[in-house]
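Atom set for the values below is all heavy atoms of this structure, side chains included, hydrogens, waters and symmetry mates excluded. A, B, ... follow the sequence lines: proteins, then strands. Residue 1 opens every chain.
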Amino acid sequence: MNIDFNFLLSLSVLFPFIVCLYRFKTMNKNYRPFAILMFASLFTELISNYLAVKYKTNLAFLNFFSLFESCVWVYQFHRWGFWQKKSGQRFKMLLVLMFMAWALDNFILSNIGSSNRYYLLTYYFGLVMLSIRQINQDMMNGKRAMDESGRLIICTGILLFFTFGIVRESFTIFEEGLSRPAKFKISLIISIANLIANIIYGFGACYIPKQKNWPDFFNTFAKKVE
Amino acid sequence: MNPFEKNYLNAVFIVVVLTGVILAYFIISLVRFHRRYVKLQKERIFAEITIQEIERKRIANDLHDSIGPVLSAVKLNINSIEINNEADQKIIDKTGKYLDDIIASMRQISYNLLPNTLERKGLVEAVHEFIAQVNSKHVLDIHFMVLKDSRVSREKEIHIFRIIQEIMHNTIKHAGAKKLQIGISEEDGNFLLLTKDDGKGFDVQKEKLNFNGLGLKSLESRSELLNGILTLESQPGQGTNYFLKIPLS
């Protein structure tokens, strides 16, 4: 019953999923990693719930997903032009570091079948920092109000979800001796944060700028030019 | 649940609520201040450009209506002087030529500040005139096409003209292009401007990040002022395309 309730809350990802699916072809290509992440999140929720019900554990699957998710988020920031200088180099370096941290947590500090909370804590923390800096960059250079800018809304969602993620993961370090109902209550933090973040992501997806389509006029003009 | 668990959950609850409140306050204040900032920035740009245009218009009118006729009168008076001495005649002729140069320069300055044609005949004619001027001075083949003449208001015309001027200026100064195509049209209640050159192109992202391009900033500011969308498409070695879409209503 408890798993079902968390699962239902996590299905709120359907909102950004539908918006991204509807707008995928027309959206600015620089936002596609976000859309792919929303698609992947829905499938992950379904698969991980299936695994949890059938095999009583989904941790190995979630550990692999956390690596994939973190890489796509970082790629999303890269596409947004986060690193202004030596962008490609910094992005690749970060990917290598992330993989090393993930491998360290999953194969040396603990095993792939248990929660990789140290990697999650580090990655959540890094992502919160990235989104704060991206918000600041957009505040400086943005010409649209923040509540009308897809990127700023998405960054707000990241900030909210992953800050609660940090809080939740910090508490899980000390939850070993807790009873099942108490653990469930703690897990609710992330489920509710997930619900709010998904709603924010959905609105963010609505404001993702369209791909720059040259109108018919351009085609007529281009033909004349050629 | 035992008392330890209860205390533990209370602690979790307090931390979560406090974090939530701080985050909510942070996000709400961020949104509100950013809105205000964007509005103020837009108003500031609008005021700056409007003042600049008013001042340009005033100086252009002063040059054209006050100094111009006076200089012409001076030239007429000088030419009407009867001189028998050949050396003096040469000086008078030279002075006449200088005056002609001054009048021509003054007209050019006045035109650069505000083309008369724009006020009298509208955007299309003004662009044609400007292209003729550029063609006479630079080796740039400019083609101007009007696919559909749209009725742009006088207030907007000056900004569109300045945008076209700036694009041509950029093409001459930086693009190293041989050919520049400019097209204007109207579609779904929007004024459309498209330019295409065969110059060396540039990395748009880099140029924007370098904060060097005053011309680009000016183009963006004027587009914003008109509630328009300016799209710049360029890659090294592949020329540059500008596309401007302005709502007419």
Side-chain angles (χ1 to χ4, degrees), chain A residues 81 84-85 87 128 132 135-149 152-153 155-157 159-161 163-164 166-168 170-172 174-175 177-183 185-186 188-190 192-193 196 200 209-210 212-218 220-222 224-226, chain B residues 1-2 4-6 8-9 11-13 15-16 18-20 22-24 26-27 30-39 41-42 45 143 145 147-148 179 181-188 190 192-196 198 205-206 208-211 220-221 223-224 229 231-233 241 243 245:
Chain A
Q84 298 176 358
K85 285 171 188 169
S87 172
V128 167
I132 288 174
I135 288 172
N136 284 333
Q137 271 183 19
D138 283 6
M139 290 273 286
M140 280 291 292
N141 306 321
K143 291 172 184 87
R144 305 182 79 182
M146 194 180 163
D147 45 347
E148 289 172 2
S149 159
L152 281 169
I153 300 174
C155 282
T156 309
L159 189 63
L160 195 108
F161 177 72
T163 305
F164 280 112
I166 293 168
V167 173
R168 192 245 181 277
S170 307
F171 279 111
T172 57
F174 308 102
E175 72 174 19
L178 295 182
S179 64
R180 205 175 156 80
K183 281 182 181 176
K185 283 191 177 170
I186 293 173
L188 263 180
I189 301 169
I190 204 72
I192 292 168
I196 300 168
I200 295 173
K210 281 184 180 176
K212 283 157 187 170
N213 278 332
W214 303 92
D216 288 344
F217 154 69
F218 173 75
T220 321
F221 181 69
K224 281 197 176 189
V225 167
E226 281 148 17
Chain B
M1 270 188 276
N2 59 44
F4 166 73
E5 279 188 346
K6 273 188 181 172
Y8 186 82
L9 285 176
V12 173
F13 179 74
V15 170
V16 168
L18 287 178
T19 312
I22 292 167
L23 271 178
F26 171 68
I27 291 163
L30 207 68
V31 171
R32 286 181 64 191
F33 278 95
H34 190 247
R35 262 190 173 204
R36 213 180 292 170
Y37 170 73
V38 169
K39 198 179 162 219
Q41 209 182 20
K42 216 171 180 179
I45 293 169
H143 291 267
M145 280 175 269
L147 274 94
K148 193 178 171 190
K179 211 174 186 182
Q181 273 95 20
I182 303 168
I184 59 172
S185 186
E186 192 194 317
E187 216 174 77
D188 306 325
N190 291 305
L192 306 173
L193 164 74
L194 185 93
T195 72
K196 193 179 170 80
D198 63 351
Q205 208 63 35
K206 261 188 190 170
K208 280 186 178 173
L209 291 172
N210 282 341
F211 298 104
E220 280 179 347
S221 301
S223 315
E224 261 178 68
I229 303 164
T231 308
L232 170 57
E233 203 183 63
N241 295 345
F243 176 57
K245 188 177 180 180

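Atom CG of B:L23 is separated from atom OG1 of A:T163 by 4.5 Å, given to the nearest 0.5 angstrom. Interatomic distance, CZ of B:F26 versus OG1 of A:T156, reported as 8.5 Å (0.5 Å rounding). Note: A:I166 CD1 to B:T19 OG1 = 10.0 Å, rounded to the nearest 0.5 Å. The structure places CG of B:L30 at 9.0 Å from CG of A:L159, a figure rounded to the nearest 0.5 Å.
For a residue to count as touching a neighbouring chain, one of its non-hydrogen atoms must lie under 4.5 Å from one of that chain's; by this rule B:F13 does not touch chain A. Both the backbone and the side chain of B:V16 come within contact range of chain A, with heavy atoms under 4.5 Å apart. For A:S179, the parts lying under 4.5 angstrom from a heavy atom of chain B are both the backbone and the side chain. If you measure heavy-atom distances from B:F4 to chain A, the contacts under 4.5 Å come from the side chain alone.
Scanning all heavy atoms of the two residues, the minimum distance from A:F171 to B:Y8 falls at O-OH, 2.6 Å. Residues A:K185 and B:L9 approach most closely at CD-CD1, 3.9 Å, considering heavy atoms.
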